[in-house]
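Just follow the structure's listing: the first ligand is 1, and inside any ligand the first atom is 1.
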Amino acid sequence: MTFSVHGIPVARGVAIGRAVIVASSRLDVAHYFITSDQVESEIDRVRAGRNAVVDELQRLQQEMPKDAPHELAALLDVHLMLLQDEALTSGVKHWIRDRLYNAEWALTTQFEVISRQFDEMEDEYLRERKADLEQVVERVLRRMLGAASPVVAPPVRHKRQQDLLLDDTVDVPLVLVAHDLSPADMLQFKQSVFAGFVTDVGGKTSHTAIVARSMDIPAVVGARSASQLIRQDDWIIIDGDAGVVIVDPSPIILAEYGFRQRQGELERERLSRLRNTAAITLDGQRIELLANIEMPDDTLPALKVGAVGVGLFRSEFLFMGRHGRLPDEEEQYQAYRRAVEGMQGLPVTIRTVDVGADKPLDDAHHDDAHLNPALGLRAIRWSLADPAMFLTQLRAILRAAAHGQVNLLIPMLAHGSEIRQTLSLIDHARVQLDNQGMVYGPLKLGAMIEIPAAALTLKLFLKYFDFLSIGTNDLIQYTLAIDRADESVAHLYDPLHPAVLRLVADTIAECNAQGKGVSVCGEMAGDTALTRLLLGLGLRSFSMHPAQILAVKQEVLRADTGKLRPWAQTVLEADEPASVLAR
Ligand code: PEP
Ligand code: MG
């Protein structure tokens, strides 16, 4: 039966494929694809985990005191029976053999399948056995963890269902459905083949959404109970423009979305012809279109769409999912150098590590202990709290600057004291490199404007920095007091709120007046609905995901900044800027 689930659209386009559910377990389970020669060893791992738990339960049974309540013995029997049940073991083998899921993922997937069957049972006693199953599965998982060794995800593909799609020689696209995905999980999935994804939680500029946009695949977040309603292997359509997920679509709906998918491909094809066209407005203003990247190899797609540099390298992605072991100076230096060399002489802006809030270092570190992580020890605050770690990063960036044009960007500054501490640590890193006789290069220094306090004290920032970069994702979050990752307040997250526009406009104007560089690197920069407004406010440098650059360039080529300037002022003065923009 066809039904739809509504969420928040975060990455455009249409994806059609089979659902791959990433079950949320209370245990922190890794999800990755194995290679076919690892199938038997993965099956062995589950078997070993299960046998160990069977031994453990049997031992418990034997050692049970004579006067123990007999319900306890019965419960152990139930657990042993569930563990040895054919539905569990054969299902797990299926996910490993046919889908190449790693052992833990296969086990949690099969658990989900069986627990749904339990949910549908009439008999209350049987329905309640789901909790027992959950306990034994967690016991097995606990046994297996530690022995797990994640591998890089190779592509995994399945044949298309013949009755739905004509050409059965082509592979079936897979669509990821999860309660939530950490940025570290997303990075791992970035290397695999998902055609789109859906999550129950998240807002428009949550980091999971940002990574989806950088992967250039349709995505819907904040779809509430999607991961409960959609079943493993269901056919689904993700409409990344409308924020709708259609489950088990009828042939007519499939045909309609297939058509839209092809239209999207044609549009991309048409835009790709703009790759080598200079981004110059009708009135001759040259506009800088830069790329936001997460990993050094992202420079490739950036160059492919004609980016004239990297405006934001989110270096924190090098630090994530490493289970406490942070990258050392050499590893960081090699990564930054690869990005710098990858851009072939074009400038690269490296932002110092910005972890915290919805960008935990890894799942295990996801720190719920802080009452309000977005207002806590994140970004530059985290770096200044650990000067040795920060100096390591600064030395690595300084050394990479010997290989090309590097700009250093500092996130989340608000206080003069933070600025002065940061600058003195940069000086200190230079002295350390001098003492070691290491080669390093010159840097331009920039600050992100993402806290209203910073936008309201621009003179202070411009005294110390060569350029500013407006992080609108956080600037909106902190100006409007809206958690950017919380779908329940996503409707209030408004880039066009007059207060946000005022802070953005004043920052651009002040930098232009002082002849300092200014860029926008938040998601506003890649939103084609806002390109004309930002041009009218005087912005000449935009940094966004490579996937957005050509569409923004198209807007630039059609714009006349002379005409847009007075219009932008009326938008800025309006009580409801969105309605003026729509006119
Ligand atoms: C921003 O806040 O706009 C920004 C670019 O930084 P991030 O999204 O990584 O927090
Ligand atoms: Mg930010």
Side-chain angles (χ1 to χ4, degrees), residues 10-11 182-184 186-187 202-215 221 289-295 298 309-320 348-361 373-383 407-414 418 446-455 461 467-486 490 493-497 500-501 503-504 507-508 518-527 530 534 539 541-546 548 552:
V10 290
S182 68
M186 287 296 293
L187 269 193
K204 214 173 180 105
T205 61
S206 61
H207 287 93
T208 307
I210 287 176
V211 179
R213 235 167 271 141
S214 80
M215 288 163 75
V221 301
L289 299 182
L290 304 162
N292 289 357
I293 66 170
E294 277 101 36
M295 284 299 198
D298 295 342
V310 167
L312 175 65
F313 178 175
R314 290 184 160 100
S315 70
E316 55 274 14
F317 283 86
L318 296 173
F319 290 63
M320 286 177 189
V348 176
T349 300
I350 303 173
R351 180 176 72 183
T352 58
V353 65
D354 180 3
V355 293
D358 69 329
K359 278 187 290 190
L361 278 181
L375 301 182
L377 195 68
R378 61 167 288 207
I380 189 63
R381 303 169 182 183
W382 192 74
S383 296
N407 306 319
L408 179 67
L409 184 60
I410 312 294
M412 284 237 355
L413 286 165
E418 288 172 329
M448 289 195 69
I449 300 298
E450 44 189 355
I451 300 181
F461 280 75
F467 69 97
L468 300 181
S469 187
I470 310 175
T472 50
N473 306 337
D474 279 315
L475 189 60
I476 298 167
Q477 153 163 278
Y478 295 128
T479 305
L480 302 180
I482 298 299
D483 185 337
R484 62 193 266 192
D486 183 347
Y493 187 92
D494 180 13
L496 290 172
H497 188 290
V500 173
L501 289 186
L503 295 176
V504 170
T507 307
I508 296 170
V518 59
S519 180
V520 168
C521 65
E523 297 298 296
M524 278 179 82
D527 184 344
L530 303 176
L534 291 171
L539 189 72
S541 174
F542 297 64
S543 193
M544 67 203 83
H545 302 291
Q548 298 164 322
V552 170

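Taking the Mg ion (ligand 2) as reference, Asp474 places its N/O/S atom OD2 nearest. Minimum-distance N/O/S atom of Glu450 relative to the Mg ion (ligand 2): OE1.
Electrostatic pairing of Arg378 and Asp474 counts as a salt bridge here, judged by a charged N lying under 4.0 Å from a carboxylate O.
In this structure, the side chain of Arg314 does not engage the main chain of Asp354 through any donor-acceptor pair within 3.5 Å. One N or O on the side chain of Ser315 and one on the backbone of Arg351 form a donor-acceptor pair closer than 3.5 Å. A donor-acceptor pair is defined here as one N or O able to donate and one able to accept, closer than 3.5 Å; no such pair exists between the side chain of Thr349 and the backbone of Leu312. Judged by distance alone, with hydrogens and angles left aside, the side-chain atoms of Tyr493 form no donor-acceptor pair with the main-chain N or O of Ala485 at under 3.5 Å. Side-chain atoms of Asn473 do not come within 3.5 Å of backbone N or O of Arg484 as any donor-acceptor pair. With hydrogens and angles disregarded, no donor-acceptor distance shorter than 3.5 Å links the side chain of Glu316 to the backbone of Val355.
Paired with Gln477 under the rule side chain to side chain contact (heavy atoms under 4.5 Å, CB included), one option of Thr472, Asp483, Ile482 passes, and it is Asp483.
Using a 4.0 Å cut-off to heavy atoms of Gly522, the atoms of ligand 1 that qualify are 3 (O), 5 (C). Heavy-atom proximity to Arg314, at under 4.0 Å, picks out these atoms of ligand 1: 4 (C), 5 (C), 6 (O), 7 (P), 8 (O), 9 (O). Here is the list of ligand 1 atoms found below 4.0 Å of a heavy atom in Leu312: 5 (C). Under a 4.0 Å criterion applied to the non-hydrogen atoms of Ile210, ligand 1 contributes the atoms 8 (O). When each atom of ligand 1 is checked for a heavy atom of Cys521 under 4.0 Å away, the hits are 5 (C). Proximity to Gly471 (heavy-atom distance under 4.0 Å) selects the following atoms of ligand 1: 1 (C), 2 (O), 3 (O). Of all atoms in ligand 1, numbered sequentially from 1 with element shown, those under 4.0 Å from a heavy atom of Asp354 are 10 (O).
Residue Met448 places a heavy atom under 4.0 Å from ligand 1. Heavy atoms of Arg484 come nearer than 4.0 angstrom to ligand 1 in at least one pair. At least one heavy atom of Arg378 sits under 4.0 Å from some atom of ligand 1.
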Between Met412 and Trp382, does the side chain to side chain contact (heavy atoms under 4.5 Å, CB included) criterion hold? Intermediate values first, please. CA-CA 10 Å; Met412 284 237 355; Trp382 192 74; over 6 Å; no
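The residue Ile470 has no part lying near ligand 1, judged by heavy-atom distances below 4.0 Å. Contacts with ligand 1 closer than 4.0 Å are made by no heavy atom of Asn292, backbone or side chain. No part of Thr205 comes within 4.0 Å of ligand 1, judged by heavy-atom distances. Residue Arg351 touches ligand 1 through its side chain alone, judged by heavy-atom distances below 4.0 Å.
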